[in-house]
Amino acid sequence: MLVFSLLSFVYLSATALAATYSQSDSYRGKDFLSGFTHWDIADPTHGRVNYVGQNEALAQNLTFTSGDTLIIRTDDKTVLDPSGPGRNSVRLYSNKKYKNHVTVWNIRHMPEGCGTWPAVWESGESWPDEGEIDILEGVNDKGLNRASLHTTSGCTMPASRTMTGTSVGDNCDVAATGNGGCGVSSNNAKSYGPAFNKAGGGFYAMERSDAGVKIWFWRRSSCKIPSDVLSGATQIDTDKWSTPFAAFPSDSCDMGSHFGPHSIIINLTLCGDWGAAAFNSDGCPGDCITYVDQNPGAFGNAYFDVAWLKIYE
Ligand SMILES: *[C@@H]1O[C@H](CO)[C@@H](O)[C@H](O)[C@H]1NC(C)=O
Ligand SMILES: *[C@@H]1O[C@H](CO)[C@@H](O)[C@H](O)[C@H]1NC(C)=O
């Protein structure tokens, strides 16, 4: 009897500790119009964009939904007046906020082209006190993807971590790193930009728990995509997934004091602090702002095509 109770105790504890989550929200096609808000105020990173509201975005077909498709893009038709606002573009943020959770993104295409700075990320209302988690981000078509945390002071990463990517800095404090935070570069050539698009995109997933943050990427044709990710299952178990490309363990970073409730954000800026600074070294011609103003046709592939987003808690 004692053995039996002990065994059931061990069994129950193991079940409770397994990293299983249930789906709490699912966004597909027009769900993004009711579950997300179009942000239409100025870009804090000084991008050459003019973020438009939902009615304008739909009228100009910068935001388009149908069935299992969400497209958001920048305008690719207008030559801009250098003294006027930037190129029309879209930035969406979720109306709901999430603490510990998992997101799974099924993305077919991401913005490409010189001058583009797309991002899939999460942030709180008060920055950097509530932290920022960048899942998919880069500029000027230059992969590999880089995932990062941005926090207040007192959040650092151990030198050695169980992940397939490469650390580009261990201190997540924005004040100590000139806003850079702690980044991890993916080692998957298809994780970003034109190579990601040629492969038909793939799946990004992020787990935020008291134990830290983990981020995974699987290209669309990978045979390693977990079946619960591929199917957008109602229950998932992140313990059964492969090694993440980016791991940010909480050993020297208390999650509760560095991360608040987060909105999920997807945005597409042009130039901006990072994109403009790297424009020439990334092999793009001339000056980023002039390029954006004068070459609408260069932005025909500057769009996200998202099949769905699932949230688990
Ligand atoms: C767009 O995403 C980048 C990357 O995380 C972020 O730093 C920037 O503030 C975002 N721009 C806007 C307007 O949201
Ligand atoms: C709007 O964009 C979608 C997706 O790119 C496209 O299929 C559709 O034809 C466009 N509609 C118009 C009116 O241009």
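Everything numeric here is computed off the predicted structure, so don't read it as measured data. Remember, it's 1-based here, ligands and their atoms both numbered in the order they're listed.
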request  = Examine distances only and state if a side-chain atom of Trp218 and a backbone atom of Arg220 form a donor-acceptor pair shorter than 3.5 Å.
outcome  = no
inquiry  = Could you tell me if Arg28 sits above the aromatic ring of Trp308, with its cationic atom closer than 6.0 Å to the ring centre and no more than 45 degrees from the axis?
reply    = no
request  = Consider only side-chain N and O atoms of Glu137 and Trp121, and report whether a donor and an acceptor are under 3.5 Å apart.
outcome  = no
message = Checking Arg87 now: which residues fulfil salt bridge (Lys or Arg N to Asp or Glu O under 4.0 Å) with it, not counting sequence neighbours?
response = Asp75
ask   = At a 4.0 angstrom heavy-atom cut-off, what protein residues surround ligand 2?
value = Asn61, Phe64, Arg73
task = Verify the distance criterion only: is there a donor paired with an acceptor across the side chains of Glu313 and Asn100 at less than 3.5 Å?
result = no
message = How about CG on Asp81, more than 12 heavy atoms from neighbouring residues, nucleotides or ligands closer than 6.0 Å, or not?
response = yes
